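In what follows, a structure is listed as structure tokens, so that the remarks can point back to it.
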Amino acid sequence: MGQVREEVIGARRIVVKVGSSSLTTAAGGIDEQRVDSLVDVLGGLATTGREVVLVSSGAIAAGLAPLRLRRRPRDLATQQAAASVGQGLLIQRYATGFARHGRTVGQVLLTVDDVTRRAHYRNAYRTLRKLLDLGALPIVNENDTVATEEIRFGDNDRLAALVAALVDADLLVLLSDVDALYTGSPSDPSSRQVAHVDLASDLSGINISKPGKSGVGTGGMVTKVEAARIATGFGIPVVLTSASLATPAFGGEEVGTLFQAARKRPAARLFWLAHATAPRGRLHLDPGAVAAVVARRKSLLPAGITAVDGSFAAGDPVDLVDGDGAPVARGLVNYDAVELPALLGRSTPELAAALGPGYEREVVHRDDLVLL
């Protein structure tokens with residue numbers, strides 16, 4: 001078996017994400033045997049005193065066969081119709097399966113809004129936390145029947161990483177139809193399996209641009225690696241492997257790829273700002289301001305801003321971008337978008353003298369700013 005992964009063995013609260021291709025047939029519709037196999041593994045974990053949150057794809061794919069759709073639809077209305085049929089079938093199958101293990105399941109349907117708006121984020125946390133306290137097993141999915149952005153977004157991988165941070169998980173496990181991260185396409189004989197990733201630099205020379213091989217899911221290795229970056233940045237280790245290897249993976253065996261967690265967890269507020277917000281605008285910085293914000297971790301002042309994009313109000317998240325337009329940081333802005341153009345390039349003492357003491361403040365305070 002090799003060395004046991006202590007990060008897995010010691011994890012008490014685990015978020016598990018499973019992709020559509022691991023739950024449904026290639027033609028669409030639920031693969032009952034696959035679902036039952038996953039349920040038996042997770043049900044066994046739950047009976048050992050571990051808390052499990054399942055982030056499950058598959059609603060749209062599960063609705064294809066019942067609606068006599070031969071392939072995943074491209075238009076939004078048909079995707080939503082398939083999701084409305086498939087979600088009920090999927091949760092029914094989960095409820096029946098986990099009942100065999102004495103577990104009640106609770107369905108939690110989220111949209112991007114629910115994890116990008118602070119008030120919604122807190123509501124989602126309270127619901128998930130209460131379900132776990134009551135001994136239920138939360139099953140999370142994107143609310144595909146009414147949402148639009150997350151269907152275009154692709155998959156539940158990023159959502160799973162945010163949920164893992166939300167519930168303060170000890171481990172995130174990403175299950176798909178690929179058994180590990182490879183240096184190239186898994187079908188290429190020259191590709192090597194990557195067993196361990198410690199830093200972002202470990203990914204140099206690895207080609208993850210191609211989507212998954214299944215025709216019913218929409219995620220690929222890109223979204224899984226991005227989810228791993230988000231979760232490990234919050235101090236949560238990640239195991240990436242196939243659903244067929246779930247049993248040895250949860251047993252701590254060295255299957256799949258382990259993404260090592262950061263040694264120190266960031267403040268929850270800054271993590272939320274970096275990964276669970278959508279910027280409402282952009283502030284273009286001159287080179288001096290970029291250096292001050294990034295290298296010296298200073299607040300952003302009006303003098304260092306060269307241009308403003310977007311429509312935002314004071315308190316909204318905005319991206320701070322360099323001369324090439326690349327985001328270097330995200331922060332909560334202290335001014336409305338309509339106020340800022342008249343302030344650009346001017347020092348705070350100058351603004352205070354001309355406009356009053358209320359303008360002697362930072363555009364983005366360093367305590368409300370996170371580097372990207």
Side-chain angles (χ1 to χ4, degrees), residues 110-125 147-150 152-153 158-159 161-162 165-166 226-227 229-230 233-234 266-352 354-372:
L110 300 174
T111 67
V112 165
D113 236 18
D114 296 317
V115 292
T116 59
R117 291 183 180 273
R118 187 64 166 170
H120 294 200
Y121 197 74
R122 288 172 174 168
N123 288 337
Y125 167 78
T148 57
E149 191 61 33
E150 65 271 31
R152 296 192 209 98
F153 173 75
R158 177 170 175 261
L159 176 61
L162 294 173
L166 185 64
E226 181 58 28
R229 284 191 176 120
I230 293 172
F234 192 67
R269 182 168 175 272
L270 294 182
F271 176 87
W272 163 79
L273 183 58
H275 300 294
T277 60
R280 303 297 177 85
R282 301 195 307 169
L283 307 182
H284 295 258
L285 278 56
D286 64 28
V290 171
V293 168
V294 176
R296 302 197 300 276
R297 304 296 178 95
K298 297 292 186 180
S299 299
L300 176 63
L301 302 176
I305 304 173
T306 59
V308 177
D309 297 335
S311 177
F312 51 83
D316 282 345
V318 295
D319 276 353
L320 281 54
V321 304
D322 62 18
D324 296 324
V328 297
R330 183 171 298 165
L332 301 180
V333 66
N334 287 324
Y335 292 91
D336 296 344
V338 295
E339 291 182 278
L340 276 176
L343 312 181
L344 304 189
R346 303 169 69 180
S347 69
T348 47
E350 176 190 350
L351 290 171
L355 303 175
Y359 285 85
E360 194 172 12
R361 67 183 189 273
E362 306 87 350
V363 176
V364 180
H365 193 277
R366 63 184 180 184
D367 292 342
D368 295 326
L369 186 152
V370 61
L371 301 182
L372 298 177

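These numbers come from a predicted model, not from an experiment.
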Value for CG (L369) from CG (L273), rounded to nearest 0.5 Å, stands at 7.5 Å

Between the CD1 atom in I305 and the CG atom in L283, the distance rounded to the nearest 0.5 Å is 5.0 Å

Do V363 and N334 touch side chain to side chain, with heavy atoms closer than 4.5 Å?
no

Under the criterion side-chain contact (heavy atoms from CB on, under 4.5 Å), I'd like the reasoning laid out for F271 against L162: C-alpha separation, chi angles, the key distance, then a yes or no. CA-CA 9 Å; F271 176 87; L162 294 173; 4.2 Å; yes

Is any side-chain heavy atom of V293 closer than 4.5 Å to a side-chain heavy atom of L371? yes

In terms of heavy-atom contacts, R158 and A227 come closest through N-CB, 4.1 Å

Nearest heavy-atom contact between A303 and D286 is O-OD2, 3.8 Å

**Q.** Side-chain heavy atoms of S311 within contact of R280, under 4.5 Å
**A.** no

So CZ of R296 and CZ of R366: to nearest 0.5 Å the spacing works out to 12.0 Å

One should read off an interatomic distance between E360 CD and L355 CG, to the nearest 0.5 angstrom, of 11.5 Å

Heavy-atom closest pair (Y335 atom, L343 atom, distance to 0.1 Å) is CE2-CD1, 3.6 Å

Value for CZ (R330) from NE2 (H275), rounded to nearest 0.5 Å, stands at 9.0 Å

Item checked: Side-chain donor or acceptor of D368 paired with backbone N/O of H365 under 3.5 Å -> no

Correct closest heavy-atom pair for G331 and V364 would be CA-CG1, 3.8 Å

Smallest heavy-atom separation, L110 atom then A124 atom, equals CD2-CB, 4.1 Å

Shortest non-hydrogen pair, A278 vs P317, comes out as O-CG, 3.5 Å

Practice item. Take atom CZ of R346 as the centre, draw a 6.0 Å sphere, and report whether it contains more than 12 heavy atoms from other residues, nucleotides or ligands. Key: yes

TODO: For the residue pair P302 and L340, establish whether any side-chain heavy-atom pair is separated by less than 4.5 Å.
DONE: no

Test side-chain hydrogen bond (donor to acceptor under 3.5 Å, both in side chains), reference H284, set D319, D322, D309, output is D309

**Item:** P279 and V318, any side-chain heavy atoms less than 4.5 Å apart
**Value:** no

